[in-house]
Visitor: 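Before I ask anything, let me first share the structure, which is written out below as structure tokens.
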Amino acid sequence: MTALQHIFGPIGALWLTATVSGQPPAANDTPPQAAAYERWVHPLHLAPSERRLFDAIQSWAGRAGLRVIIDPRLTHAARALLPYVPRQAGETIDLNRARALAQGWGCTDGQLAAIAIRIPQNQSAEQAVVAQLETQQPPLTINRFGLAESAAGGESTAIVLLSRRLLQLMPLSARVRANQEVVVAGRLATGVQSSATQVQVLVGLEQGRVQRLVPVVHNQQFEQRLRVPGTVGTIDVQLLVDSGRGPEVAALFPIGVGCNPRPAAASSEPSASPGAPLDAAQIEQALVSLILGARQAQDLPLPAESALLTETARAHALDMETHGFFAHVSPSSGDVTDRLRSRGVHYRKVLENLAVASTAEEIFQDWMASPAHRANLLDPQADFVGVGVALVPDRAVPSAYAVAVLARLDESIPTQGPAEP
């Protein structure tokens, strides 16, 4: 990417360093207003306890064969999240808040995970975090992280934000004027093969409408121009990358058209902790209800539940949980079209959503926040739906692999069949 090396080079290089300071993290790490995405942020000083945690994460990454660098924007977000680390067993950090804070500091990475723990001060925070890293499902393939740690009241609180960067985007404004042209340009991250990769730019508009654009990728570079609407409001921009395993969310961020794009989750007020995880069948039924409710709110036809689609979704969720991967394409069953074909399901159109989270509400919020996933859920042509969930066992905070399959089936082919228990 010859024309952009002078822009991207300094950003990547400055993330490689972390200096030590005796100063504790800032108590109120609020991102600036109306800033640009992918702007440069000065490297942060790490307190001694944070430096020890930094070293432990780097050691874990080396053993796992990962090359990870610290991102000061994720560290800013992690410090702001310290007061919201859950105190009760089974509770999780609010990832919507985490994503909003990271976006406020300019980070657009589409794949975000978090480890948030409280431990007695006489125990090692580094060991506790590494233990969580080693048991993450699906296995983490991250290349960016931010961290924060503080001690008070006889306990230590630590949070690590993890992301996977598939794209290097040029800086772009988070707030624009109505009808303004926006340039979304960048390059594929190192290791993403351009010969097998397609980039899509999706823009989420009002009433669930999605504008889908496919820029040309040349020498791992791409550029897409889009014109924002003429009305005040927020649009969601998402970039997908397909490297042969199905589309992956590479970037996700809102743009404010004549307004601040930052969602309410980035406010300073604490939000309620997510509810306790349900069993797989309860999550499935809750997701179906949420999908139908979202479609009803848009006056869209309500799809019927199909046992064969449910069986297909459950099988893929179980496949991902059992074999520790997260992708639309399975080494054993192929993609969703292969899975339907193997069950004798004839269709005219099929759509698939994937997620990993702890509750139906978290899964649904993730899907609705993504223009591509939301477009699938609200596709007017879908007349059947099936949702499958597989729980990850033996974890302090259970998580679930969720798969939703929506399809327009061939009317001449039966849609019902024996669903898995």
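Values in this document were obtained by computation on a predicted structure and should not be read as measured data. Here, residue 1 is the first one in the sequence, and each next residue gets the next number.
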Visitor: Gln285 and Glu305: side chain to side chain contact (heavy atoms under 4.5 Å, CB included), yes or no, with the steps?
Guide: CA-CA 10 Å; Gln285 287 305 305; Glu305 287 190 68; 3.7 Å; yes
Visitor: Given 3.5 Å as the limit, does a donor-acceptor pair link the side chain of Asp71 with the main chain of Gly146, or not?
Guide: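 Checking the backbone N and O of Gly146 against the side chain of Asp71, no donor-acceptor pair under 3.5 Å is found.
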Visitor: Do Phe222 and Leu169 have side chains that get closer than 4.5 Å, going by heavy atoms?
Guide: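 A side-chain contact exists here, since the closest heavy-atom pair is under 4.5 Å.
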Visitor: Decide yes or no for Val203 and Leu226: does some side-chain heavy atom of the first lie under 4.5 Å from some side-chain heavy atom of the second?
Guide: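 SC-SC contact between Val203 and Leu226 confirmed.
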Visitor: Is it true that the side chains of Gln180 and Arg227 contain a donor and an acceptor less than 3.5 Å apart?
Guide: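 No.
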Visitor: Using 0.5 Å steps for rounding, measure from the CD1 atom of Ile142 to the CD atom of Gln111.
Guide: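 One gets 11.5 Å once the value is rounded to the nearest 0.5 Å.
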Visitor: Taking Thr322 for its side chain and Asp319 for its backbone only, find out whether a donor-acceptor pair lies under 3.5 Å.
Guide: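 Checked: no pair found.
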Visitor: Do the side chain of Arg39 and the main chain of Ala36 share a donor and acceptor less than 3.5 angstrom apart?
Guide: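 Yes; judged by distance alone, with no hydrogens or angles, the pair exists.
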Visitor: Quick check: closest heavy atoms across Gly258 and Arg175, and the distance to 0.1 Å?
Guide: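 Smallest interatomic distance, heavy atoms only, reads O-NH2, 3.7 Å.
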Visitor: Just to verify, what does Asp366 make a salt bridge (Lys or Arg N to Asp or Glu O under 4.0 Å) with, not counting sequence neighbours?
Guide: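 Listed in chain order: nothing, the list is empty.
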Visitor: If you measure only the distance, is there a donor-acceptor pair under 3.5 Å linking the side chains of Asn376 and Glu352?
Guide: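 There is no such pair (donor and acceptor under 3.5 Å, judged by atom type) between the side chains of Asn376 and Glu352.
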Visitor: With a 4.0 Å cut-off, would you call Arg73 and Glu38 a salt bridge?
Guide: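 Salt bridge: yes.
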Visitor: Could you tell me the separation between the OG atom of Ser163 and the CG atom of Asn143, rounded to the nearest 0.5 Å?
Guide: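 Going from OG on Ser163 over to CG on Asn143, the span is 6.0 Å.
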Visitor: Quick one: are Ile115 and Leu162 in side-chain contact, heavy atoms under 4.5 Å?
Guide: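 Yes, at least one pair of side-chain atoms sits under 4.5 Å.
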Visitor: If you look at every heavy atom in Ile283 and Ser358, which pair is closest and at what distance?
Guide: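 Of all heavy-atom pairs spanning Ile283 and Ser358, the closest is CD1-O, 4.3 Å.
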Visitor: Can you list the steps and then say if Leu300 with Leu378 is a side chain to side chain contact (heavy atoms under 4.5 Å, CB included)?
Guide: CA-CA 7 Å; Leu300 293 170; Leu378 301 180; 3.8 Å; yes
Visitor: Is any side-chain N of the basic residue among Arg52 and Glu50 closer than 4.0 Å to the acidic one's carboxylate O?
Guide: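 Answer for the salt bridge query: no.
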Visitor: Under the ring pair (Phe, Tyr, Trp, His ring centres under 6.0 Å) test, which residues partner His42, sequence neighbours left out?
Guide: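 Partners of His42 under the ring pair (Phe, Tyr, Trp, His ring centres under 6.0 Å) test: Trp40.
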Visitor: For the pair Glu284 (side chain) and Val389 (backbone), establish whether a donor and an acceptor sit closer than 3.5 Å, ignoring hydrogens and angles.
Guide: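 Checked: pair present.
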Visitor: Minimum heavy-atom separation for Leu309 and Ala407, please, with both atom names.
Guide: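 So the minimum-distance heavy-atom pair works out to CD1-CB, 4.1 Å.
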Visitor: Quick one: closest heavy-atom pair of Leu74 and Ala102, and the distance?
Guide: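 Leu74 and Ala102 have their closest heavy atoms at CD2-CB, 4.0 Å.
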Visitor: Grab the two heavy atoms, one from Gln103 and one from Leu252, that are nearest each other, plus how far apart they are.
Guide: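 Of all heavy-atom pairs spanning Gln103 and Leu252, the closest is NE2-O, 3.0 Å.
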Visitor: CD/Glu126 to CD1/Ile57 distance, rounded to the nearest 0.5 angstrom?
Guide: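 Atom-to-atom, Glu126:CD and Ile57:CD1 are 9.5 Å apart.
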Visitor: Under 4.0 Å between a side-chain nitrogen and a carboxylate oxygen: does that hold for Lys349 and Asp379?
Guide: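 Between Asp379 and Lys349 there is a salt bridge, with a charged N closer than 4.0 Å to a carboxylate O.
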Visitor: Taking atom CD of Gln127 as the centre, report whether more than 12 heavy atoms of other residues, nucleotides or ligands fall under 6.0 Å from it.
Guide: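 No - once you tally the heavy atoms of other residues, nucleotides and ligands closer than 6.0 Å, there are 12 at most.
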Visitor: Whether the side chain of Glu361 engages the backbone of Ala286 through a donor-acceptor N/O pair (distance < 3.5 Å, no angle test) should be reported.
Guide: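 No, the answer is negative, given that no donor and acceptor are paired below the 3.5 Å cut-off.
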Visitor: Between His76 and Trp105, how do the two ring planes meet: parallel, tilted or perpendicular, split at 30° and 60°?
Guide: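 It falls in the parallel class, under 30°.
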Visitor: Which atom pair, heavy atoms only, marks the closest approach of Pro43 to Pro72?
Guide: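 Nearest heavy atoms, Pro43 then Pro72: CA-CB, 4.2 Å.
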Visitor: Determine, stepwise, if the pair Val387 / Val403 fulfils side chain to side chain contact (heavy atoms under 4.5 Å, CB included).
Guide: CA-CA 6 Å; Val387 174; Val403 179; over 6 Å; no
Visitor: Using the salt bridge (charged side-chain N to carboxylate O under 4.0 Å, His left out) rule, collect all pairs that involve residues 101-118, keeping only residues at least two apart or in two chains.
Guide: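 Listed by first then second residue: Asp109-Arg165, Arg118-Glu155.
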Visitor: About how many Å separate CG of Leu290 and CD1 of Ile363, when rounded to the nearest 0.5 Å?
Guide: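 If I round to the nearest 0.5 Å, the distance is 10.0 Å.
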Visitor: Between the side chain of His316 and the main-chain N/O of Val329, is any donor-acceptor distance below 3.5 Å?
Guide: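 Side chain of His316 to backbone of Val329, a donor-acceptor pair under 3.5 Å: no, none is there.
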Visitor: Donor-acceptor pair, distance only, cut-off 3.5 Å: does the side chain of Arg187 make one with the backbone of Gln221?
Guide: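 Absent.
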Visitor: Please work out which of the three classes, parallel, tilted or perpendicular, describes the rings of Phe326 and Tyr401, given edges at 30° and 60°.
Guide: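 The rings of Tyr401 and Phe326 sit tilted, inter-plane angle from 30° to 60°.
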Visitor: With distance as the sole test, does Tyr37 use its side chain to make a donor-acceptor pair with the main-chain N or O of Gly104 at under 3.5 Å?
Guide: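 A pair under 3.5 Å: no.
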Visitor: Is the shortest side-chain N to carboxylate O distance from Arg339 to Asp335 below 4.0 Å?
Guide: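 Asp335 and Arg339: not salt-bridged.
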Visitor: Determine, for Arg341 against Asp338, whether the closest basic-nitrogen to carboxylate-oxygen distance falls under 4.0 angstrom.
Guide: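 Looking at Asp338 together with Arg341, the answer is yes, because their closest N to O distance falls below 4.0 Å.
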Visitor: Enter the distance from Thr157:OG1 to Leu82:CG here, rounded to the nearest 0.5 Å.
Guide: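 So the OG1 of Thr157 and the CG of Leu82 are separated by 6.5 Å.
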Visitor: Taking the side chain as every heavy atom from C-beta outward, state whether Arg295 and Ile291 have any pair of such atoms under 4.5 Å apart.
Guide: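 Yes; the side chains approach each other to less than 4.5 Å.
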Visitor: Checking Gln238 against Ser370: is there a side-chain donor and acceptor pair closer than 3.5 Å?
Guide: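 Present: a donor and an acceptor within the cut-off.
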Visitor: Assess the residue pair Leu202 and Val237 against the criterion (side chain to side chain contact (heavy atoms under 4.5 Å, CB included)); give the C-alpha distance rounded to whole Å, side-chain angles, the decisive distance to 0.1 Å, and a yes or no.
Guide: CA-CA 6 Å; Leu202 293 93; Val237 180; over 6 Å; no
Visitor: Taking Leu354's backbone N and O only, do any of them form a donor-acceptor pair with Trp367's side chain (distance below 3.5 Å, no angle check)?
Guide: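 Yes; judged by distance alone, with no hydrogens or angles, the pair exists.
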Visitor: Looking at Tyr347, does the NZ or CZ of Arg408 lie under 6.0 angstrom from its six-membered ring centre and within 45 degrees of the ring axis?
Guide: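 No, cation not above the ring by the 6.0 Å, 45° rule.
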